[in-house]
There are 2 protein chains.
Amino acid sequence: MTLGFILLGLLLNKPMTGYDLKSFFNNSVNFFWSAELSQIYRELSKLETQGYIISRTEQQDKKIYEVSGEGQEVFLKWLKEFPENLTPVSRNEFLVRIFFSAKLSKEELVNQFERYICQQEEEAEIYKAIEQKINSSITAGECGTDIICRRFTVRRGIYFTQSEMQWAKECIEEISKLQPEKET
Amino acid sequence: MTLGFILLGLLLNKPMTGYDLKSFFNNSVNFFWSAELSQIYRELSKLETQGYIISRTEQQDKKIYEVSGEGQEVFLKWLKEFPENLTPVSRNEFLVRIFFSAKLSKEELVNQFERYICQQEEEAEIYKAIEQKINSSITAGECGTDIICRRFTVRRGIYFTQSEMQWAKECIEEISKLQPEKET
DNA sequence: GAATTCATGTAACTTGTTACATGATTTA
DNA sequence: TAAATCATGTAACAAGTTACATGAATTC
């Protein structure tokens, strides 16, 4: 149901088509929640039958969705909750691989970590660029809570990637300290 | 398919039943990959029809699975890969909530972060306890690569939770610096 | 003897992914 | 005018969740 709430949240800012929502997604929420376009359309239909959003058709084939009063209520109620089950649904394939990596050679293992560091570095750069943009628009006068909250999530990306890289470096160091490989 | 590889990886250590696998899961892989028992059974059936595992039935109703030669090959091949698409499938409900939290009051927002810190603190304690255990068994002489790899994933948990807490604290500070709430 | 844990699974459902089809509009 | 993007969606499938049912073995 989280996807539904995300769509409600985005639509509260301004009414949009499914396609618009997807592009909005890609530049924001996508960093911590992903969804395919087909999934968005399905969710929109569901939200409409539930009465949380209302659509109007423009220019023959453009369906613009808007949040209903009920939808807004439901959204705010959800936002104020703090569910027990909030630990991020844990699915991290890299950690799975590391967990089983005893079957790899030292070199292969170090290689995995190095490539991971590269990936994280790239991701960090993306976050930093977004932070820069946000900072400029804040200096330019925009200072609503919206943008502050958005910056929180971006800062988290920076913290996260830094932490991942530190960890990976520690692992590489530890590997280098291991006794030389036994011949098999 | 990741679940399949996890099951293969666990079964390579020792043959087990689906139920055994689930308990193994809960104390290890579960921190970075979750799966329901029903899902495990389904995946086991699939792996068996693919010929990657073989089952034998003991004591009327106990089905013990073992990895086949082909299964082992497939597993090792997977392990050596480094897929493009390795960024953890991003689904973090807490970040979604923060992203939309402009609709909350300062107090409510701080509260969310504080509760999050508590949760992370608890999780950190779990990781630290596991690390202690691993360290003792390493001091006790066990020093295979298995346990080193396992410790890598645990260390990551510690890095991660620490980083999350630091971030959340930074957010709380920033909120307290915001101009006092406007009356609505 | 009753309750819990071990062990297997099915069924129904929700969510997520991939591939495809269609037609309008915009840009090169 | 050809290609790319905008915009809608369906179909088929894979993966994940929740609820339930069954019976054996173990523990209180």
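The sequence lines fix the lettering, A, B, ..., with proteins before strands; numbering per chain opens at 1. Treat the numbers as computed from the prediction; the structure is a model and nothing was measured. What you see below is based on every heavy atom in this structure, not just the backbone, and it leaves out hydrogens, waters and symmetry mates.
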Student: Does D/dA25 have OP1 or OP2 under 4.0 Å away from a side-chain N or O of B/Lys62?
Tutor: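 No.
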Student: Can you confirm if the aromatic rings of A/Phe100 and B/Phe5 lie within a centre distance of less than 6.0 Å?
Tutor: no
Student: Quick one: does B/Lys22's side chain have a donor or acceptor within less than 3.5 Å of a partner on B/Ala35's backbone?
Tutor: yes
Student: Please report the distance, rounded to the nearest Å, between CE in B/Met16 and P in C/dC6.
Tutor: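 Interatomic distance, CE of B/Met16 to P of C/dC6: 15 Å.
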Student: Using whole Å, what does the distance between atom P of nucleotide D/dA7 and atom CZ of A/Phe24 come to?
Tutor: 13 Å
Student: In whole Å, what is the span from the CE atom of B/Met1 to the C1' atom of D/dG16?
Tutor: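 Rounded to whole Å, this separation is 15 Å.
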Student: Please determine whether a side-chain nitrogen of the Lys or Arg among A/Lys77 and A/Glu81 lies less than 4.0 Å from a carboxylate oxygen of the Asp or Glu.
Tutor: no
Student: Can you tell me the distance, in whole Å, between the CG atom of A/Asn26 and the P atom of D/dC6?
Tutor: 11 Å
Student: Quick one: is B/Thr17 getting a side-chain N or O under 4.0 Å of the C/dC6 phosphate, OP1 or OP2?
Tutor: no
Student: Within residues 29-44 of chain B, which residues have any heavy atom lying less than 4.0 Å from an atom of DNA chain C?
Tutor: B/Leu37, B/Ser38, B/Tyr41
Student: If you find the nucleotide of DNA chain C closest to B/Ile64 and the one closest to A/Thr2, which residue's nucleotide is nearer the 5' end?
Tutor: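 Residue closer to the 5' terminus by nearest nucleotide: B/Ile64.
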Student: Does A/Lys133 have more than 12 heavy atoms from other residues, nucleotides or ligands lying within 6.0 Å of its NZ?
Tutor: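 12 or below, so no.
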Student: With a 4.0 Å cut-off on heavy atoms, is B/Lys46 in touch with a base, just the backbone sugar-phosphate, or nothing at all?
Tutor: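 Sugar-phosphate only.
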Student: Do A/Phe160 and A/Tyr127 make the cut of ring centroids closer than 6.0 angstrom?
Tutor: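 Judged by ring-centre distance (under 6.0 Å), A/Phe160 and A/Tyr127 do not meet the cut-off.
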Student: Ignoring hydrogens and geometry, is there a side-chain-to-backbone donor-acceptor pair from A/Arg155 to A/Glu131 under 3.5 Å?
Tutor: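 No.
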Student: Rounded off to whole Å, could you give me the CZ-to-P distance for the A/Phe5 and C/dT15 pair?
Tutor: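 My rounded result for the distance is 11 Å.
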Student: Strictly below 4.0 Å: does A/Arg91 bring a side-chain N or O up to OP1 or OP2 of D/dG16?
Tutor: yes
Student: Do the charged groups of A/Arg97 and A/Glu93 touch, with an N to O distance under 4.0 Å?
Tutor: yes
Student: Taking CG from A/Leu3 and P from C/dT15, how many angstroms apart are they, rounded to a whole number?
Tutor: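 Rounded to the whole Å, the gap is 9 Å.
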Student: Give a yes/no on whether any side-chain N or O of B/Lys63 is located under 4.0 angstrom from OP1 or OP2 of C/dG9.
Tutor: yes
Student: To the nearest Å, how far apart are B/Asp20 CG and C/dC6 P?
Tutor: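 These atoms are roughly 10 Å apart.
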